[in-house]
Participant: 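Supplied in structure tokens, the structure appears directly below.
Letters go in sequence order (proteins before strands), and every chain restarts at 1.
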Number of protein chains: 2
Amino acid sequence: MAPLSSGVLGSLDSTSDRAVFRQIADRLREAIDKGRFKEGAKLPSESELVEHFGVSRMTVRNALSVLQGEGLVHSEHGKGVFVRPRPPVRRLASDRFARRHRDQGKSAFTVEAEAAGSRPEVDNLQVKEERPTRDIATRLGEPRKVLARRRRYLLDGRPVEFAASFLPLDIARDTPIAQPNPGPGGIYARLEELGHRLDHFDEEVRARMPTPAEVKSLHLAAGVPVIHLVRTAYDTEGRAVEVCDTVMAADAYVLAYQLPAN
Amino acid sequence: MAPLSSGVLGSLDSTSDRAVFRQIADRLREAIDKGRFKEGAKLPSESELVEHFGVSRMTVRNALSVLQGEGLVHSEHGKGVFVRPRPPVRRLASDRFARRHRDQGKSAFTVEAEAAGSRPEVDNLQVKEERPTRDIATRLGEPRKVLARRRRYLLDGRPVEFAASFLPLDIARDTPIAQPNPGPGGIYARLEELGHRLDHFDEEVRARMPTPAEVKSLHLAAGVPVIHLVRTAYDTEGRAVEVCDTVMAADAYVLAYQLPAN
DNA sequence: TCTGACTACTCGTCTATACGAGTATGGGTG
DNA sequence: CACCCATACTCGTATAGACGAGTAGTCAGA
């Protein structure tokens, strides 16, 4: 075990009443913030930190778990603890569903990802009829059944987003929307062809910690929240024609909106 | 110590290769999800769980820390571990800065909060001139100095949001905007009076775990992310006249946007 | 009646130890 | 040279114990 150069991490203040594991977490955080450990770099191993600070291993692990909870580091079994690299973020512009972007044969996700130099994939495609949840039913005007379209999006092999669209069955049944691939321009183009000219979208944005199922599905590291976005599409008659419920890995996204001032 | 009724929490599957502390966390999570422990209710104490599951205390604590990280529970020293209640959320509508909402004497925050039956407070008011950070300078068109207005918002005594506005000094110096209270309608009303008619806002929304400073300032519980919103205001000449950098407790907010479909 | 001490509970912190499982490396064997 | 395996490192899980500190209730004494 290589000795830890003492300059990189300070030592503890035994007179302080701050808990030892918090002091260790502070020192490591400072070192990361100051660039002494760069993105992706390996932190000293637990046993090195034990020796350096003269504490027990559980205390060191406690300190590291603080940093994990902050999303600063992640650990890899058998390898070490590493500074978590910031993944490239996908910018979602508020006009991404504007009619003028619906002319290509590819989905918005595919077009954007390729423009950004990433390799897009869509996964877990599932289309079926079902009973809506209370929330979805309320938003859609209480249809008895809905068409549900679920899919997972990946960038360069990494899952980043899980989306579920719900449409009243009387609109979507026996249309291209009920097909796995609804065709160029996506389901919004199909809705307009079916006479539901879109007027506007409502989007609700929340952030929270992921459920265990979301951790699994999106391969989320500790300390990464999710952005939960619920979009409702309205036609020109004021009817809600689709609700899209999306859960995104928060470290992979920034949402951009442009709002008029009047 | 009252015995724990065995029906509420299951027992462990010793044949499973799922870690014991994860199984305990699973059982507690299920019990919470099914409403067997309601919001604000006290979970069994650590020693009760130790006895019930026949494991060591550190294993129980490990399980509880999983639930803390998910934002499901919070612990209070000397009292117990409780199901985290969901605070009332504040809905931020995308038209909240529209001109028609700028006629009252009160700030948008105050008006909204009182309409929702909450007691609003503003805190830590600080107005000063300073050198902009790299990011702020870029967004504002590289002014040498800016006027910074910082404040913290509280609802019913709980801090929920921390906001910092930055304006180019050549716009804001020696105007009501440089006063602690800029007057009715806020700084946007003052900007328009000064001839900077507002055209639109750009908003960027991110979510992440809070820094230790944010945890302290917003009194955040473990497992609560923050929403980071950066809004840039543009006048009709296309000039960026203000950047507002806002950090919100994610469990207290939902952002609502309305987008045109064309 | 009020107050303060005592007690019994809560979670917080820390130590010491043990074993298991994943990863990387080097060296020996075929 | 290619492969396998031993080994030594990583982190993951779990035990048992100790003490500290915050909370709340009881009970005795002023």
Participant: Spell out, as yes or no, whether a donor-acceptor pair under 3.5 Å connects the side chain of B:Ser65 to the backbone of B:Asn62.
Facilitator: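 The answer is yes, because a donor-acceptor pair under 3.5 Å joins these two groups.
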Participant: To the nearest Å, give me how far apart NZ (A:Lys42) and P (D:dC11) are.
Facilitator: 6 Å
Participant: Report the nucleotide, chosen from D:dC11, D:dA24, C:dT13, that has the shortest atom-to-atom distance to any side-chain atom of B:Lys79.
Facilitator: D:dA24
Participant: Which of these nucleotides, C:dT10, D:dA14, C:dC14, is closest to any side-chain atom of B:Ser47?
Facilitator: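 The nucleotide sitting nearest to the side chain is C:dT10.
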Participant: Which listed nucleotide (C:dC14, C:dG22, C:dC11) is nearest to the side chain of A:Ser56?
Facilitator: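 The answer is C:dC14, which lies nearest to the side chain.
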Participant: Taking CD from B:Gln68 and P from C:dC11, how many angstroms apart are they, rounded to a whole number?
Facilitator: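 Nearest whole value for this atom pair: 11 Å.
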Participant: Using atom CZ of B:Phe21 as one end and atom P of D:dT15 as the other, report the distance to the nearest whole Å.
Facilitator: 12 Å
Participant: Can you work out whether A:Met58 or A:Gly78 has the more 5'-proximal nearest nucleotide on DNA chain D?
Facilitator: A:Gly78
Participant: I'd like to know if A:Asp26 and A:Arg18 make a salt bridge, using a cut-off of under 4.0 Å between side-chain N and carboxylate O.
Facilitator: yes
Participant: Do B:Arg158 and B:His219 have side chains that get closer than 4.5 Å, going by heavy atoms?
Facilitator: no
Participant: Indicate, with a heavy-atom threshold strictly under 4.0 Å, whether A:Arg18 touches base, sugar-phosphate, or nothing.
Facilitator: nothing
Participant: Taking the basic N atoms (NZ, or NE/NH1/NH2) and the acidic carboxylate oxygens, is any pair closer than 4.0 Å for B:Glu112 and B:Arg91?
Facilitator: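 Salt bridge absent between B:Glu112 and B:Arg91.
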Participant: Reckon A:Thr59 has a side-chain N or O less than 4.0 Å from the OP1 or OP2 of C:dT15?
Facilitator: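 Yes, within the criterion.
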Participant: Determine: side-chain N/O of A:Arg61 to OP1/OP2 of D:dG12, distance under 4.0 Å, yes or no.
Facilitator: yes
Participant: Would you mind reading off the distance between B:Glu46 atom CD and C:dG12 atom C1', rounded to a whole angstrom?
Facilitator: 8 Å
Participant: Can you tell me if A:Arg22 touches the phosphate of C:dT13, counting only side-chain N or O atoms and a distance under 4.0 Å to OP1 or OP2?
Facilitator: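 Answer yes for this pair, as a side-chain N or O of A:Arg22 is under 4.0 Å from OP1 or OP2.
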Participant: The side chain of A:Val81 lies closest to which of these nucleotides: D:dA14, D:dC11, D:dG22?
Facilitator: D:dC11
Participant: Angle between ring planes, B:Tyr257 versus A:Tyr257, binned at 30° and 60°: parallel, tilted or perpendicular?
Facilitator: parallel
Participant: Examine D:dT10: is either OP1 or OP2 under 4.0 Å from a nitrogen or oxygen in the side chain of A:Ser45? Give yes or no.
Facilitator: yes
Participant: Roughly how many Å is it from NE2 in B:His74 to P in C:dT10, rounded to a whole number?
Facilitator: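 Value for this atom pair: 17 Å.
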Participant: Report the distance from atom CD of A:Glu76 to atom P of C:dA24, rounded to the nearest whole Å.
Facilitator: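 Rounding to the nearest Å, CD of A:Glu76 and P of C:dA24 are 9 Å apart.
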Participant: Please determine if a side-chain N or O atom of A:Ser75 lies less than 4.0 Å away from the OP1 or OP2 oxygen of D:dG12.
Facilitator: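 Looking at the OP1 and OP2 atoms of D:dG12, one of them is under 4.0 Å from a side-chain N or O of A:Ser75.
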Participant: Roughly how many Å is it from CG in B:Leu64 to C1' in D:dT13, rounded to a whole number?
Facilitator: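 For the pair B:Leu64 CG and D:dT13 C1', the rounded distance is 16 Å.
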Participant: Please give, in whole Å, the distance from C:dG20 P to A:His77 NE2?
Facilitator: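 Distance check: A:His77 NE2 to C:dG20 P gives 13 Å.
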